[in-house]
Amino acid sequence: VQLQASGGGLVQAGGALRLSCVASGRAFSSYSNYGMAWFRQLPGREREFLAAANWAGGITYYADSVKGRFTISRDNAKNTVYLQMSSLKVEDTAEYYCAAASRKPGYTGTYSYARTYDYWGQGTQVTVSS
């Protein structure tokens, strides 16, 4: 079972990046049964929820800090979730993680909690320069 995140890098403030996260392994044979999300984390801080997409991707959720700037999408045929980030700010600098939650009741109330998620990717660093 693996979540492989990629797409991070160095970008100037105001720029854009697209992160990708590919799920592989037997547990993801039914990828559409997983809610997918992106979090970020700074050293010594808790993981911060950014965005989530439900099983089919038809319902998405965003943290206020990124609403209107970040867009989450998923391609269930490719077992991939994306995070399109635009109008990046210096304060968006962090390690970004994708996460997967197996389908369960109450997701609509718990999607923003890290403990909801069963699997995590390895992280990809995003650095925004001024």
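The model shown is predicted, which means the values in this text are computed figures rather than measured ones.
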- Could you walk me through whether T71 and Y62 pass the side chain to side chain contact (heavy atoms under 4.5 Å, CB included) test, one step at a time? CA-CA 8 Å; T71 302; Y62 294 94; 3.7 Å; yes
State, yes or no, whether a side-chain contact exists between [X] and [Y] at a heavy-atom distance under 4.5 Å.
X: S6; Y: L19; result: no
X: E48; Y: S65; result: yes
X: T127; Y: V11; result: no

Distance check, rounded to the nearest 0.5 Å: [X] atom [atom1] versus [Y] atom [atom2]?
X: T93; Y: Q125; atom1: OG1; atom2: CD; result: 7.0 Å
X: K67; Y: T60; atom1: NZ; atom2: OG1; result: 9.5 Å
X: S24; Y: Q2; atom1: OG; atom2: CD; result: 4.5 Å
X: Y61; Y: S112; atom1: OH; atom2: OG; result: 10.5 Å
X: W55; Y: R74; atom1: CH2; atom2: CZ; result: 8.5 Å
X: L50; Y: C98; atom1: CG; atom2: SG; result: 11.5 Å

- [ ] Could you tell me how the ring of Y117 sits relative to the ring of Y107: parallel (under 30°), tilted (30 to 60°) or perpendicular (over 60°)?
- [x]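 Plane angle over 60°, so perpendicular.
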Practice problem: Answer with yes or no whether the side chains of R40 and Y96 bring together a donor and an acceptor at under 3.5 Å. | Solution: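 Distance-only check passes for Y96 and R40.
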Hey, is the main chain of [Y] close enough, under 3.5 Å, to the side chain of [X] for a donor-acceptor pair?
X: Y34; Y: A27; answer: yes
X: N79; Y: V22; answer: no
X: T124; Y: G8; answer: yes

Query raised in the report: So, K89 and D92, do they make that salt bridge, N to O below 4.0 Å?
Result: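 No.
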query = Can a salt bridge be assigned to the pair D118 and K104 using a cut-off of 4.0 Å between side-chain N and carboxylate O?
reply =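 Between K104 and D118 there is a salt bridge, with a charged N closer than 4.0 Å to a carboxylate O.
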At their closest point, which heavy atom of [X] faces which heavy atom of [Y], and how far apart are they?
X: L3; Y: M36; result: CD2-CE, 4.2 Å
X: S32; Y: N76; result: CB-ND2, 3.5 Å
X: T80; Y: S20; result: CG2-CB, 4.4 Å

CA sep, side-chain torsions, deciding dist, call: R47, Q41, side-chain hydrogen bond (donor to acceptor under 3.5 Å, both in side chains): CA-CA 5 Å; R47 288 189 181 181; Q41 188 173 26; 3.0 Å; yes
Practice problem: Kindly determine whether I72 and V81 satisfy side chain to side chain contact (heavy atoms under 4.5 Å, CB included), including the steps that lead there. | Solution: CA-CA 7 Å; I72 188 171; V81 63; 3.8 Å; yes
In terms of hydrophobic clustering (I, L, V, M, F, W, Y; side-chain heavy atoms under 4.5 Å; direct or indirect links), are [X] and [Y] co-clustered?
X: Y111; Y: Y31; result: no
X: W120; Y: V126; result: no
X: F39; Y: V66; result: no

- Between F49 and W38, ring centroids under 6.0 Å: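 Not under 6.0 Å, so no.
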